[in-house]
*Asks:* 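Before I ask anything, here is the structure I am working with.
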Number of protein chains: 2
Amino acid sequence: MTLSQVAKEAGVAASTASLVLAGRADELRISATAQERVRDAARRLGYRPNALSTGLRTGTTRTLGFVSDSVASSQLAGEMIRGAIESARARGYMVFVGETAGDAHLERDLLDAMFDRQVDGVVLATMMTHARAIPVEATRMPTVLLNIEPTDDADYVRVLPDEVAAGADAARLLVDSGHRRIHLIGVGDDPATAHPFGLAAAQRLRGALTVFAETGQQIVSARPTVQWLPPEGFRLVSEVLDSGAEVDALLCLNDRLAMGAYQALQERGVRVPDDVSVLSFDDTSFARWLRPGLTTFAFPQRALGRAAADELIDLIERGAATVGSSAPTAAHLVPLPLRLRASVADRT
Amino acid sequence: MTLSQVAKEAGVAASTASLVLAGRADELRISATAQERVRDAARRLGYRPNALSTGLRTGTTRTLGFVSDSVASSQLAGEMIRGAIESARARGYMVFVGETAGDAHLERDLLDAMFDRQVDGVVLATMMTHARAIPVEATRMPTVLLNIEPTDDADYVRVLPDEVAAGADAARLLVDSGHRRIHLIGVGDDPATAHPFGLAAAQRLRGALTVFAETGQQIVSARPTVQWLPPEGFRLVSEVLDSGAEVDALLCLNDRLAMGAYQALQERGVRVPDDVSVLSFDDTSFARWLRPGLTTFAFPQRALGRAAADELIDLIERGAATVGSSAPTAAHLVPLPLRLRASVADRT
DNA sequence: CTGTTAGCGCCTTCAA
DNA sequence: TTGAAGGCGCTAACAG
């Protein structure tokens with residue numbers, strides 16, 4: 001089904017049909033009958049414009065690329081992608097998705113393949129290394145950085161989770177509910193030397209420390225680890241309990257550590273939240289199924305994806321004219337919403 | 001950078017450059033020097049062919065569509081998509097991803113949008129309703145069904161998890177390791193009335209029953225539920241324990257039920273696997289972090305995605321000529337591999 | 001061995 | 001108000 005077939009069926013020229021179908025008929029005063037005939041023919045023949053052709057002609061494809069460095073294990077990636085797809089779809093865009101597993105070569109290939117297909121722009125996302133250089137391939141087209149802090153100084157539109165605020169919120173929640181003896185699980189007490197991967201550890205810690213300072217609290221202990229996994233949470237919390245220190249609350253840097261914490265607590269007969277409160281980050285799938293339900297700040301995967309796609313489409317539709325012209329754009333920060341469940345007691 | 005610019009730079013005609021760059025130069029005996037000059041110019045100018053143009057001309061885009069009905073909560077979807085993308089990429093294809101959340105209208109729109117962009121084919125996947133009708137939109141292009149049994153009788157290429165075999169494997173594992181008093185958690189004892197959503201329950205049950213029959217075993221109890229979630233697992237296993245029945249092993253229909261089972265067991269001080277073995281399906285992210293690690297048959301998400309993309313590309317490259325011609329294709333069954341951890345004891 | 005020509009499907013002046 | 005013509009970038013016959 002091509003436009004000229006529709007035109008023929010309607011008894012008009014292809015250009016006329018084009019105008020009608022593009023909604024510019026009134027503007028150019030095409031006769032009502034002609035319009036009717038065209039629309040009718042199009043419907044009857046099930047006409048759908050060939051996007052390749054339109055793209056070739058107009059230089060725009062209503063197509064986005066989404067490239068992330070995620071690997072099999074990361075549950076986070078999936079939701080981000082889906083958020084992006086959802087937003088894009090709502091605005092009439094389709095998205096190509098690619099994954100690099102951290103392979104720079106693959107990333108280049110992917111970006112090339114998308115560029116070849118004339119995507120209108122790409123979002124570059126990361127699940128692993130949060131601070132990194134941006135490949136030159138990306139600079140050929142409008143680009144939005146998702147969950148990445150660029151190491152170079154070019155002015156990219158960035159979308160990031162507001163980890164600092166989440167850290168602060170967590171600390172405030174604990175302090176406000178009367179917890180005094182707080183232990184940090186998964187990070188030391190110095191933001192500068194926090195977790196080598198990702199900015200999450202350092203930023204969550206920074207936010208928390210600010211609030212602790214403001215309220216005159218002291219952290220009892222802060223235990224770093226490189227792997228944020230249940231066995232590590234188990235180990236660290238066992239250490240805390242063995243140390244004989246008093247503990248009102250455990251602030252775990254993510255849910256997997258918290259899962260390990262639950263196991264260690266349970267094994268020693270320490271009750272959550274009656275004896276010890278547990279607060280965490282991410283809202284991983286199992287958080288609500290732990291007993292008692294884990295109170296946690298949800299990593300806003302889907303919202304991040306949505307925001308990235310929206311920023312990108314804004315950028316595209318605003319026109320590439322503006323690129324690099326204006327003042328450095330502030331990062332778009334997405335909050336981590338609290339999922340209030342049953343693991344934090346009120347001790348006031 | 002267009003082909004004609006490269007050709008001009010190399011001092012040849014565009015068609016010559018085209019042939020050289022398409023690798024058909026030797027075949028058509030283009031002089032070595034001309035080839036050299038073309039390749040050189042292309043490299044120097046950073047030439048990349050416009051895929052839109054090529055697609056328009058050749059009628060093929062090396063682009064796939066992937067449409068699934070998954071919703072936010074399903075972790076399964078993400079991995080399937082990624083498997084598909086991975087396979088596609090390896091064969092030079094890019095993929096458009098879309099999600100419908102079960103909305104038939106959205107599905108139509110998505111399929112249309114992909115069709116408009118001239119995808120070479122689509123995979124239609126489902127996470128929810130495993131038996132369903134296929135929308136007519138799909139029939140305009142090569143289609144592979146992933147995790148779907150079509151209710152109409154058209155002859156589609158299908159990729160499915162081998163749930164029956166997994167059920168049989170699970171039963172055999174239990175029987176072979178000396179378990180006699182086995183309870184089923186999450187499904188009744190009649191495949192015909194099993195779980196309304198999905199084929200998994202009925203098929204896993206069918207496989208298991210076959211083996212139990214072969215080995216002369218009797219199931220002690222089989223408890224159905226509509227929601228395969230931890231609280232239900234907790235409830236059902238509590239019932240089992242309260243009933244006073246003897247129990248060697250719990251065969252849970254998925255990991256979330258098993259998680260609830262662990263909680264119920266733990267609360268009553270029943271040890272896994274010393275007192276009771278637990279076996280399950282899916283290998284959800286937390287399965288390996290439960291204590292003891294949960295032995296389970298992994299739902300092969302990624303492999304399913306890979307298989308679907310591969311089947312689709314085979315279908316496309318074999319040529320649409322064959323469509324509907326041959327005998328009904330057998331479904332491509334993907335096994336559920338066993339993840340042997342510590343929750344099943346050897347009681348022989 | 002290489003260049004000319006035509007056309008994939010669409011949009012957009014420009015003339016009529 | 002409508003139609004004819006040209007071109008987006010590429011490939012494939014067909015001449016030379």
Side-chain angles (χ1 to χ4, degrees), chain A residues 1-39 41-42 45-63 112-120 140, chain B residues 1-39 41-42 45-63 112-120 140:
Chain A
M1 270 313 93
T2 74
L3 183 60
S4 63
Q5 292 182 54
V6 172
K8 184 180 295 176
E9 176 83 9
V12 301
S15 54
T16 307
S18 171
L19 290 177
V20 173
L21 266 14
R24 297 183 50 196
D26 285 334
E27 175 190 338
L28 293 179
R29 302 194 221 170
I30 306 274
S31 70
T33 56
Q35 290 193 37
E36 193 50 46
R37 287 210 310 278
V38 170
R39 269 187 251 280
L45 301 180
Y47 170 71
R48 308 227 97 227
N50 181 326
L52 257 36
S53 188
T54 307
L56 187 57
R57 184 62 236 258
T58 66
T60 181
T61 54
R62 294 191 85 77
T63 292
D112 278 345
M114 289 176 178
F115 181 76
D116 292 349
R117 286 170 176 76
Q118 312 294 117
V119 297
D120 293 334
R140 292 174 302 195
Chain B
M1 269 317 93
T2 73
L3 183 60
S4 63
Q5 293 182 53
V6 172
K8 183 180 297 176
E9 175 82 11
V12 301
S15 55
T16 306
S18 172
L19 289 178
V20 173
L21 265 16
R24 299 182 49 196
D26 285 334
E27 175 190 338
L28 292 179
R29 302 194 221 170
I30 306 277
S31 68
T33 56
Q35 291 192 36
E36 194 49 47
R37 287 209 311 278
V38 169
R39 269 187 251 280
L45 301 180
Y47 170 73
R48 307 227 96 228
N50 181 327
L52 257 36
S53 188
T54 308
L56 186 57
R57 185 62 237 248
T58 64
T60 181
T61 54
R62 293 191 88 76
T63 292
D112 279 345
M114 289 174 177
F115 181 76
D116 293 349
R117 287 171 176 74
Q118 311 295 117
V119 296
D120 293 334
R140 292 175 302 196

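Note on naming: letters A, B, ... go to the chains in the order of the sequence lines (proteins, then strands), and numbering restarts at 1 for each one.
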*Asks:* Suppose we screen for side-chain hydrogen bond (donor to acceptor under 3.5 Å, both in side chains). Which residues come up paired with B:Asp120, at least two apart in sequence or across chains?
*Replies:* B:Thr60, B:Thr61
*Asks:* Report all interatomic pairs (protein N or O, nucleotide N or O of nucleotides 14-16 of chain D) with separations under 3.5 Å.
*Replies:*
none

*Asks:* Excluding sequence neighbours, so at least two apart, what forms side-chain contact (heavy atoms from CB on, under 4.5 Å) with A:Ala10?
*Replies:* A:Val12, A:Arg37, A:Val38, A:Ala41
*Asks:* Expressed in angstrom and rounded to an integer, what is the separation of A:Leu21 atom CG from C:dG9 atom C1'?
*Replies:* 13 Å
*Asks:* In whole Å, what is the span from the NZ atom of B:Lys8 to the P atom of C:dG3?
*Replies:* 14 Å
*Asks:* Looking at residues at least two apart in the chain, or sitting in another chain, which of them share a side-chain hydrogen bond (donor to acceptor under 3.5 Å, both in side chains) with B:Arg57?
*Replies:* none
*Asks:* Over all heavy atoms of both residues, which pair between A:Leu3 and A:Ser18 is shortest? Give the atoms and the distance, please.
*Replies:* CD2-CB, 3.6 Å
*Asks:* Which residue pairs satisfy the side-chain hydrogen bond (donor to acceptor under 3.5 Å, both in side chains) criterion with at least one member in residues 4-15 of chain A, sequence neighbours excluded?
*Replies:* A:Thr2-A:Ser4, A:Glu9-A:Arg44
*Asks:* Could you check how far CD of A:Gln5 sits from P of C:dG9, rounded to whole Å?
*Replies:* 8 Å
*Asks:* Applying salt bridge (charged side-chain N to carboxylate O under 4.0 Å, His left out), name anything that partners B:Arg140, two or more places apart in sequence or on another chain.
*Replies:* B:Asp112
*Asks:* If the condition is side-chain contact (heavy atoms from CB on, under 4.5 Å), which residues does B:Gln35 pass it with, not counting sequence neighbours?
*Replies:* B:Val20, B:Ala25, B:Asp26, B:Ile30, B:Arg39
*Asks:* What is the per-nucleotide protein-contact pattern of nucleotides 6-13 of chain D, from the 5' end, where B denotes a base atom under 4.0 Å from a protein heavy atom, S denotes such proximity for sugar-phosphate atoms only, and - denotes neither?
*Replies:* BBBBBBB-
*Asks:* Applying side-chain hydrogen bond (donor to acceptor under 3.5 Å, both in side chains), can you list everything that pairs with A:Thr16, at least two apart in sequence or on another chain?
*Replies:* none
